[in-house]
Structures are given as C-alpha cells and as structure tokens.
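Okay, so here's the structure we're looking at.
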Amino acid sequence: MPSTIALEKEDHQRDAEFKKVMHGDSAKAAGGVAALLKKNTEAQQIAVDEYFKHFDNKTAEAETQADREARTKEYATLTRHYYNLATDIYEYGWGQCFHFCRYSPGESFYQAIARHEHYLAAQIGIKKDMKVLDVGCGVGGPAREIAKFTDAHITGLNNNDYQIDRATHYAVRDGLSGQLKFVKGDFMQMSFPDNSFDAVYAIEATVHAPKLEGVYSEIYRVLKPGGTFGVYEWLMTDNYDNDNVEHRDIRLAIEVGNGISNMVTISEGLAAMKNVGFELVHHEDLADRNDPMPWYWPIAGELRYMQSYLDFFTVVRMTHTARRILHGFAGILETVGLAPKGTKKTADALARGADGLVAGAKKKLFTPMYLMVGKKPLN
C-alpha cells in the first residue's frame with residue numbers, strides 16, 4: 001500500500017439526501033426485515049452497484065495491488081454503502097451489537113456479547129461522567145451497554161446516516177439520550193478539536209480504515225493527554241501469506257462480506273499504534289485464549305455449543321441450510337417486488353464473508369478480537 005492515503009472528500013448533504021431517498025422513515029421501524037422491506041428500490045440498486053463494483057469478477061487468483069488500492073481510494077463510500085445494504089440484515093440475524101465475542105459455559109449469546117463490551121470498558125478504565133468516543137458506533141448497541149455499565153457520556157462517530165438515525169432512535173427508546181449522542185463523520189478526518197475525550201474505544205470498526213495508522217492518529221489527536229484508547233481489531237494473523245492463493249481467497253471473502261477495503265496483519269496493527277505515539281499498555285489476541293467454545297461457533301451454525309434454548313432462534317439462522325432457505329426466499333421477494341433488488345446478493349456476500357471468517361479462524365489466519373490498549377503520554 002502507498003505510505004499515505006488520500007482522504008475522500010466528505011459531502012454530508014449528499015449522504016443525508018441519499019439516506020432520505022433510500023431508507024425513508026425505516027429508521028423508526030422495528031428493525032430487521034420490517035425495515036428492509038421499506039427501502040426505495042432504485043436507491044438500493046445504486047448502493048448495490050457502488051459497493052459491488054469493487055468486488056464483482058475479482059478473484060483471489062487475479063487480484064492485483066491496483067485492485068486493493070482502488071478500494072482504499074473509495075474507502076468511505078465503500079463502507080457507507082455496505083452498511084446501507086447490510087444494517088437491516090445484521091439486526092435481523094445478529095442483533096444491535098455488530099461484533100463477535102468470547103463465550104463461557106452457561107452464558108447466553110447476548111450475555112456474552114455484553115461481557116465482551118464490559119471487558120473492553122474495564123481494560124480502558126472508563127468511569128462515571130467521563131467523556132468517551134465510540135469510533136464506528138454502528139446502531140449504538142455497544143454504546144448503550146457501556147453507558148449503562150459505566151455511567152459515562154458517550155459520543156458515537158459514524159459515517160452512515162441511516163445507522164445514526166437508528167442509534168438515536170434506540171437511545172431515546174431506552175431513556176439514554178442524555179448520556180449518548182451520535183455524530184456524522186469520517187474517522188480518518190474527525191471534526192472534533194484536539195484533546196476532546198477522556199477515553200476512546202473502537203469495537204471491530206477501524207478495520208474499515210484504508211490505513212490503520214490514519215485512523216489511529218486521529219484517535220490519538222482527539223484523546224486527552226493521559227487518556228486511554230482500547231480497540232478490538234480485525235486483523236490477519238502473522239501466519240497469513242499474501243502469496244498463498246488460499247490465504248488471499250479467505251481474506252477477500254472476509255473483505256467482500258464485511259465492507260472492508262484493506263485488511264492487514266497483527267504486526268502492522270501493532271506498528272500503527274506505536275507509530276502514532278501510543279504507549280502500548282496491553283495487546284493480546286483474545287481469540288487465542290483457551291476457551292471451551294470458539295468465538296465463531298454462531299456463524300458456523302455449530303448448535304452443539306448453544307448454552308440457552310433462546311439462542312436457538314439467533315443461531316439457527318446462521319446454519320447453511322437456513323441460509324439457503326432464507327436467501328432463496330429473499331430472491332422470491334425480490335422477484336415479486338416485495339424486497340428491494342440486491343437483497344439476495346447482499347445476503348449472499350454476507351454469507352461468503354461468514355464462511356471466510358470461519359475458515360480464517362480455523363486456519364489461524366484471522367482474528368476479530370485483537371485487543372490493543374494504548375495510553376497517550378501526558379507530554
């Protein structure tokens with residue numbers, strides 16, 4: 001990759017107008033399928049075309065450095081349209097916290113998700129009344145949980161207008177609007193003044209950056225001296241060999257299924273933290289812990305690890321059989337005009353991404369939870 005990345009020019013008015021056309025008032029829908037069926041078909045097709053132009057007919061065998069650079073050049077547009085397409089499917093299939101976690105015996109799926117968020121907050125040392133930034137906040141699930149857990153004030157930064165609307169809607173619903181606010185912006189070029197926040201966290205979001213050093217440098221800038229930044233980062237492990245076609249195919253599957261322009265290795269992630277000035281307090285691949293069940297079991301549909309009967313309704317949708325049925329049904333709904341065009345294509349890409357995640361995990365090539373905790377020096 002080039003040593004510097006040209007930033008995309010922001011156009012908040014354009015993005016707001018597109019959101020209004022594509023999503024209408026669906027941000028206030030119940031979520032999932034109910035919101036998905038309210039989309040504007042023509043606008044959705046634009047999002048489909050803009051996103052998949054970077055991946056259609058691109059194979060691991062033929063991938064070039066120029067292909068990756070073309071994706072990073074439009075990193076913000078790529079990610080924004082990915083979430084225009086995928087947010088409702090995420091909420092339907094996974095919930096409102098768009099991340100993975102570790103699991104313990106006797107612990108339900110959503111308990112484990114919350115514990116993963118609590119663990120990061122504890123590692124950072126988030127306390128009552130602290131001013132905290134959530135970088136890449138999704139629909140605000142982790143921000144709501146961490147706000148309740150710590151009594152901190154949290155600002156969520158997000159480049160997708162639809163997700164901001166949903167996050168704001170949920171915060172009001174849960175009576176947390178006094179503790180939470182959600183701001184539009186590109187995390188590679190934040191609008192916040194220097195030294196604005198007592199703490200910063202990112203949960204599986206900065207992987208969307210075209211270059212980790214760029215987003216980490218912005219986080220460093222807006223963090224107060226003495227403050228702490230903690231991140232769960234998606235990284236290829238240092239076992240990854242880009243000259244190995246099988247490895248590249250796994251990485252590309254993860255990227256296309258998850259809106260990623262350029263995923264890098266653990267050593268590159270650590271170097272990025274150090275290069276921008278952070279003092280690394282702790283770093284660890286939590287996926288390497290000797291847990292009784294793997295982090296990827298829900299997306300692999302491995303029902304034998306299920307700890308609660310209630311989890312069945314979440315996890316069964318991830319099995320290959322259920323995916324084939326649901327994606328076929330989505331195709332039928334598209335054909336009869338009840339679902340916007342591109343719904344099945346998006347769902348198929350997410351499924352390919354899930355398969356890539358599982359393959360990457362089983363081959364020790366990928367982790368979604370490389371924990372890095374860094375402190376900004378006082379001087």
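These numbers were taken from a predicted model, which means no experiment stands behind them.
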By side chain to side chain donor-acceptor pair (under 3.5 Å), which residues pair with Thr343, not counting sequence neighbours? none

Just to verify, what does Ala171 make a side-chain contact (heavy atoms from CB on, under 4.5 Å) with, not counting sequence neighbours? Leu180, Phe182

Just jot down the salt bridge (charged side-chain N to carboxylate O under 4.0 Å, His left out) partners of Lys364, sequence neighbours excluded, or say none. Asp288

What pairs with Lys38 under side chain to side chain donor-acceptor pair (under 3.5 Å), at least two apart in sequence or on another chain? none

With sequence neighbours excluded, tell me which residues meet side chain to side chain donor-acceptor pair (under 3.5 Å) with Arg289. Tyr119, Glu284

The single option from Phe109, Tyr370, Trp297, Trp295 that satisfies ring pair (Phe, Tyr, Trp, His ring centres under 6.0 Å) with Phe100 is Trp295

If the condition is salt bridge (charged side-chain N to carboxylate O under 4.0 Å, His left out), which residues does Asp25 pass it with, not counting sequence neighbours? none

side-chain contact (heavy atoms from CB on, under 4.5 Å) partners for Ser308, two or more places apart: Ser108, Leu310, Asp311

Once salt bridge (charged side-chain N to carboxylate O under 4.0 Å, His left out) is applied, what residue pairs with a partner in residues 259-269 remain, sequence neighbours excluded? none

Asp355: which residues meet the side chain to side chain donor-acceptor pair (under 3.5 Å) condition with it, sequence neighbours left out? His320, Arg323

Are there over 12 heavy-atom neighbours, none belonging to Lys53, within less than 6.0 Å of that residue's NZ? yes

Among Leu133, Val135, Ile146, Thr228, which residue satisfies the side chain to side chain contact (heavy atoms under 4.5 Å, CB included) criterion with Tyr201? Ile146

Return the set of residues passing side-chain contact (heavy atoms from CB on, under 4.5 Å) with Phe149 (not counting sequence neighbours), or none when no residue passes. His118, Ala121

Which residues pass the salt bridge (charged side-chain N to carboxylate O under 4.0 Å, His left out) test with Arg251, not counting sequence neighbours? Glu63, Glu255

Could I get the full list of salt bridge (charged side-chain N to carboxylate O under 4.0 Å, His left out) partners for Asp243, not counting sequence neighbours? none

Would Ile266 and Tyr240 count as a side-chain contact (heavy atoms from CB on, under 4.5 Å) here? Give the steps. CA-CA 10 Å; Ile266 289 172; Tyr240 174 78; over 6 Å; no

How many angstroms lie between OH in Tyr305 and CD in Gln307, if you round to the nearest 0.5 Å? 10.5 Å

Please determine, by modelled atom types, if Asp285 and Thr367 share a side-chain donor-acceptor pair under 3.5 angstrom. yes

